[in-house]
*Asks:* 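What follows is a single structure, and I will ask about it in a moment.
By convention here, the first residue in the shown sequence is residue 1. These numbers come from a predicted model, not from an experiment.
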Amino acid sequence: MSTTALLSFTFVALLTVITPGLETLLVLRTALLVGRRAAMGVVVGSTLGCLVWATAGLVGLTALLQASELAYDVVRWLGAAYLVHLGVKALWQSRRPVEVDEPAPVPSVRAAVRVGLLTNLLNPKPGVFYISLLPQFLPVGQPAWGGVLVAIHLGIGLLWFPVLVTAAGRARALLLRQRVLLDRLSASALIAFGVRTAVDAR
């Protein structure tokens with residue numbers, strides 16, 4: 001694989017990671033309202049979800065998402081329902097007045113990992129991303145490079161999101177004074193992502 005192709009993929013992967021989206025929203029929301037450990041749990045779960053999609057893409061399973069409108073829609077609707085569920089649950093929990101100094105309920109790291117994992121697994125776009133992007137950079141007859149490209153993409157995420165979590169941690173004390181507003185805004189954003197996922201065409 002040429003150095004130019006490798007650097008080009010790295011640049012594209014960097015853009016996809018740092019561009020704000022659903023994953024960024026979940027990580028920031030968790031870091032601000034819950035804490036660093038839970039946010040890193042979301043990062044780990046999300047990375048595992050991407051790894052599953054990447055593996056499926058390398059063996060050709062995610063081609064079904066492009067070939068079958070039904071398969072794509074089933075995953076898309078499940079993902080939309082899950083996001084709306086997370087948003088509605090968060091809105092419901094935020095209805096109770098909260099004191100500034102009252103600690104937020106801290107879910108287990110396992111629960112945070114599960115949220116990150118399910119959010120990515122129930123989103124068909126990572127699968128489409130891997131199956132549509134990787135072939136453009138893979139050298140003909142050298143499929144082993146696929147694993148390298150996936151590792152680069154996931155590695156960038158594992159470097160970027162801890163930086164984001166750390167930055168959010170520095171702002172947490174100030175923003176927690178507006179915890180209810182922040183909670184409701186981010187919960188509404190989750191619902192909006194769910195609705196968008198449900199109505200979004202390929």
Side-chain angles (χ1 to χ4, degrees), residues 1-32 36-67 71-72 75-76 79 83 109 112-171 186 189-190 193 196-197 200-202:
M1 187 175 189
S2 69
T3 302
T4 301
L6 191 61
L7 291 176
S8 297
F9 175 82
T10 301
F11 179 70
V12 172
L14 176 64
L15 288 180
T16 62
V17 170
I18 67 176
T19 300
L22 174 59
E23 190 172 8
T24 301
L25 171 64
L26 280 175
V27 171
L28 283 177
R29 170 185 165 79
T30 307
L32 291 171
R36 177 183 175 85
R37 290 182 71 249
M40 290 306 300
V42 172
V43 172
V44 170
S46 180
T47 302
L48 290 175
C50 279
L51 182 60
V52 172
W53 278 119
T55 303
L58 290 175
V59 300
L61 293 180
T62 52
L64 293 173
L65 292 176
Q66 290 188 321
Y72 184 91
V75 176
R76 180 167 60 90
L83 290 176
V109 174
V113 171
R114 184 170 61 248
V115 169
L117 177 63
L118 288 177
T119 300
N120 253 1
L121 287 183
L122 295 177
N123 182 2
K125 291 191 174 181
V128 174
F129 164 81
Y130 282 116
I131 201 172
S132 62
L133 185 66
L134 291 186
Q136 299 181 40
F137 294 92
L138 282 178
V140 178
Q142 300 181 44
W145 275 101
V148 175
L149 298 184
V150 169
I152 289 174
H153 181 242
L154 297 183
I156 291 173
L158 289 174
L159 290 173
W160 167 249
F161 284 111
V163 173
L164 205 61
V165 169
T166 300
R170 295 182 182 277
S186 58
L190 284 174
F193 266 107
R196 178 184 174 185
T197 300
D200 194 17
R202 297 196 197 198

*Asks:* What are the two closest non-hydrogen atoms of Leu149 and Phe9, and how far apart are they?
*Replies:*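 Reported closest heavy-atom pair: O-CE2, 3.0 Å.
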*Asks:* Report the distance from atom OG1 of Thr166 to atom CZ of Phe161, rounding to the nearest 0.5 Å.
*Replies:*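 Answer rounded to 0.5 Å: 13.0 Å.
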*Asks:* Applying side chain to side chain contact (heavy atoms under 4.5 Å, CB included) to Leu48 and Val52, what does each step give before you reach the verdict?
*Replies:* CA-CA 6 Å; Leu48 290 175; Val52 172; 5.6 Å; no
*Asks:* What pair of heavy atoms forms the shortest contact from Val17 to Thr24, and how long is it?
*Replies:*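 So the two residues come closest at O-OG1, 4.4 Å.
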*Asks:* Search all heavy atoms of Trp53 against all heavy atoms of Asn120 and return the closest pair with its distance.
*Replies:* NE1-O, 2.7 Å
*Asks:* Kindly give the heavy-atom pair with the smallest separation between Ala168 and Ala31, and that separation in Å.
*Replies:* CB-CB, 3.8 Å
*Asks:* Out of curiosity, Asn123 CG to Leu22 CG, how far, rounded to the nearest 0.5 Å?
*Replies:*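 Going from CG on Asn123 over to CG on Leu22, the span is 6.5 Å.
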*Asks:* Determine whether Thr30 and Met40 satisfy the following criterion, side chain to side chain contact (heavy atoms under 4.5 Å, CB included), listing intermediate values before the conclusion.
*Replies:* CA-CA 9 Å; Thr30 307; Met40 290 306 300; over 6 Å; no
*Asks:* Rounded at 0.5 Å granularity, tell me how far CG in Leu164 sits from CG in Leu159.
*Replies:*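 The CG atom of Leu164 sits 13.0 Å away from the CG atom of Leu159.
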*Asks:* Roughly how far, to the nearest 0.5 Å, is SG of Cys50 from CG of Leu121?
*Replies:*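 Between Leu121 CG and Cys50 SG, I get 9.0 Å after rounding to 0.5 Å.
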*Asks:* So, for Val165 and Ala39, which heavy atoms are closest and what is the spacing to 0.1 Å?
*Replies:* CG2-CB, 3.8 Å
*Asks:* Which heavy atom of His153 sits nearest a heavy atom of Ala13, and at what distance?
*Replies:* CD2-CB, 3.8 Å
*Asks:* CG/Leu15 to CD1/Ile156 distance, rounded to the nearest 0.5 angstrom?
*Replies:* 9.0 Å
